[in-house]
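Everything below concerns the one structure shown next.
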Amino acid sequence: MLTDFAAYSKNPRQLLYLQPLGSENILPELLGDSGWRVDLTDNPDEAVALMNSKKYSVGLMHWDGTSFDAPSASQQVEQLTDTNTQANWVALLSNMNDLPDMLAPIISRYFYDYHTCPVDSQRLLNTLGHAHGMANMASSWIDTTSEKPLPAGMLGKSAKMSQLAQQIKKVAATDFSVLIGGESGSGKELAASAIHQLSNRCNGPYVAVNCGALPEHLIQAELFGHEKGAFTGADRRHIGRLEMASEGTLFLDEIGDLPMDLQTNLLRFLQEKSIDRVGGSGQIHLDVRVIAATNVNLEQAVKEGRFREDLYYRLNVLKVDVPPLRERQADIQLLAEAFFKQYYADVNTNLKGFSAPAIHAMETHHWPGNVREMVNRIQRAIVMGEGKFITVRDLGLNEIVPCNLMTLAEARHVAEKAAIEATLLHMRNNVSKAARHLEISRVSLYRLMDAHQIEWQKNRK
């Protein structure tokens, strides 16, 4: 049975102690004599409430060995640790020889250290003091990295992220159209979502559309909707994404892939704030803010006649640029640890984090795929890793050894071309399948194959 809980705050040194009804324990007196002020309770729910009200840095939990209910114990421990994620927990075990098999993974996952009875007072105090010091150092580091709060869902302490956060807050305060620029995988949709969350439309719908992922013959109906019988297969009225976003925000990702005829229709909506459903006969007035994003140079696309100049200026009233990950070196460890915490518990509970060489390798990697590449590598490392810490090899970064010094632009070019060629080979030159795997549209893939001079058709079977 889980019998004793104790926690320590860093200033003043205050202890929360949860003990069973009617029990006698000299531990509170021992800790009190060592400079801790003790709060007693015999209710786990009250312990959680106290954890919510005070910032404890260390917790102590005692299993007395009389009985053990693994699901209940795990739930209690998880609830307490989730209440204060900065606290380091130490387990006090009555007898290591009688340790239930199901207790070991709980201790390994949630606890900083353990201590066995009979209590060696000096050793226990040293253990708790060390856990307390480590928690304080971690707390101080987090405090310094969070002086400038970022919008919900965004992480970073770099100057680039601080500038982006300020841009987002300013843009969110208005109702003008926004164009978000940035490389593929850098987090453009996250920036768009943050703008919506901070705007006066935050209680309205947020509708995201990937213009490059929709088939060209369906984009019109998907964006603007259609009436029953408007075309073959239209057996009922369909509300388009623009109508779905009424009183809210419509996010158009990969706007550069929007066909020219749809660019004209979108321009008309931005000018008149009204739409016609396909097959409809009346104007529908809508109040929708449009945020668009692109990883291509729209100014160049305008010069080449692939994008309407008037639509470009309608969308580009306010401009936000999301920096690539290689320009956010100060954020790499913070992001990596956040993604590790997000994914490891459901896959590999033996992992403790990243090795120091792995952190260094991530900080020196050029990240051509940006944040999306980092998530992919960390997910793979969590699944494939066999030790307690993720290594450079687990991340697959040891395989990237540059033979010649290159500029960042040259490195991105080489990596992008290699990824496309490998995907086409794997998909037997099926462009549709390759585009889906690369998470881009066929139009974008054809453009990239042309830019990289990839002669895929001569090997097509």
Side-chain angles (χ1 to χ4, degrees), residues 177 179-189 192 207-224 231 240-242 250-270 278 290-316 322 324 368-370 372-373 409 412-413 415-460:
S177 298
L179 181 63
I180 302 177
E183 296 178 6
S184 179
S186 58
K188 298 186 292 297
E189 183 169 0
V207 179
V209 180
N210 187 329
C211 299
L214 291 174
E216 290 188 25
H217 64 285
L218 293 180
I219 296 180
Q220 173 86 11
E222 281 296 317
L223 284 180
F224 298 94
F231 51 84
R241 305 292 181 89
L242 272 163
L250 177 71
F251 173 56
L252 297 174
D253 199 7
E254 302 301 345
I255 189 68
D257 291 334
L258 197 66
M260 289 296 289
D261 56 338
L262 267 297
Q263 292 180 29
T264 302
N265 291 347
L266 178 60
L267 175 64
R268 185 179 300 114
F269 165 74
L270 292 172
V278 178
V290 174
I291 301 176
T294 180
N295 65 350
V296 301
N297 188 331
L298 286 187
E299 291 185 2
Q300 185 64 31
V302 168
K303 293 178 181 178
E304 296 173 357
R306 294 184 287 109
F307 200 84
R308 291 185 62 112
E309 183 177 21
D310 43 8
L311 177 58
Y312 170 70
Y313 288 116
R314 280 282 181 179
L315 294 172
N316 194 25
V322 179
N370 291 292
R372 187 180 295 133
E373 179 189 351
R412 288 196 300 274
H413 180 90
E416 193 172 69
K417 181 177 182 181
I420 292 172
E421 289 177 333
T423 303
L424 285 169
L425 179 63
H426 183 75
M427 299 299 177
R428 298 183 179 180
N429 289 311
N430 186 312
V431 175
S432 297
K433 290 183 178 180
R436 283 196 296 271
H437 180 79
L438 293 167
E439 298 183 347
I440 60 176
S441 68
R442 286 189 303 163
V443 174
S444 295
L445 182 54
Y446 280 121
R447 184 174 63 245
L448 289 171
M449 288 191 295
D450 182 64
H452 291 295
Q453 298 181 338
I454 298 175
E455 298 180 3
W456 61 282
Q457 286 180 314
K458 69 178 183 180
N459 297 321
R460 193 172 187 181

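Every value quoted in this text rests on a predicted model; they were computed, and no experiment measured them. All values below were derived from every heavy atom in this structure, side-chain atoms included, with hydrogens, water molecules and symmetry-related copies excluded.
When all heavy atoms of G182 and S186 are compared, the pair lying nearest together is C-OG, 3.8 Å. The two residues E183 and N295 make their nearest non-hydrogen contact at C-CB, 4.1 Å. C211 approaches L258 most closely through the heavy-atom pair SG-CD1, 4.0 Å. Minimum interatomic distance between D257 and S444 (heavy atoms only, all atoms of both residues): OD2-OG, 2.7 Å. Closest approach of Y312 to V302, counting heavy atoms only: CB-CG2, 4.0 Å. Taking both residues in full, the closest heavy atoms of A434 and L445 are given as CB-CD2, 3.9 Å, listed atom of the first, atom of the second, then distance.
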Practice task
Take F269 and V290 through the side-chain contact (heavy atoms from CB on, under 4.5 Å) test and state the conclusion after the steps.
Solution key: CA-CA 10 Å; F269 165 74; V290 174; 4.0 Å; yes

Problem - Residue pair R306, V296: steps toward the side-chain contact (heavy atoms from CB on, under 4.5 Å) verdict - result: CA-CA 11 Å; R306 294 184 287 109; V296 301; 5.7 Å; no

Problem - Worked check of side-chain contact (heavy atoms from CB on, under 4.5 Å) between E439 and R372 - result: CA-CA 11 Å; E439 298 183 347; R372 187 180 295 133; 3.2 Å; yes

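A donor-acceptor contact closer than 3.5 angstrom links the side chains of R308 and T264.
To the nearest 0.5 Å, the span separating NE2 on H413 from NZ on K417 amounts to 6.0 Å. In this structure, D261 CG and L266 CG are separated by 11.5 Å, a value rounded to the nearest 0.5 Å. For the atom pair I454 CD1 and L448 CG, the distance stands at 8.0 Å (nearest 0.5 Å). Note that CG of L315 is 7.5 Å distant from CG of L252, once rounded to the nearest 0.5 Å. The CG atom of L311 lies 5.5 Å from the CD atom of Q263; values are rounded to the nearest 0.5 Å. Remark: E309 CD to N316 CG distance equals 11.5 Å, nearest 0.5 Å.
Counting non-hydrogen atoms of neighbouring residues, nucleotides and ligands closer than 6.0 angstrom, the CD atom of Q453 reaches no more than 12 such neighbours. Open room surrounds CZ on R442; 12 or fewer heavy atoms of other groups in view lie less than 6.0 Å from it.
Annotation: salt bridge (Lys or Arg N to Asp or Glu O under 4.0 Å) contacts of R436 (sequence neighbours excluded): none.
A donor-acceptor pair is defined here as one N or O able to donate and one able to accept, closer than 3.5 Å; such a pair exists between the side chain of N370 and the backbone of S184.
Contact annotation: the side chain of E416 never approaches that of P368 to less than 4.5 Å [non-hydrogen atoms, C-beta and beyond].
Among L179, I180, D253, the one residue that satisfies the side-chain contact (heavy atoms from CB on, under 4.5 Å) test with T294 is L179.
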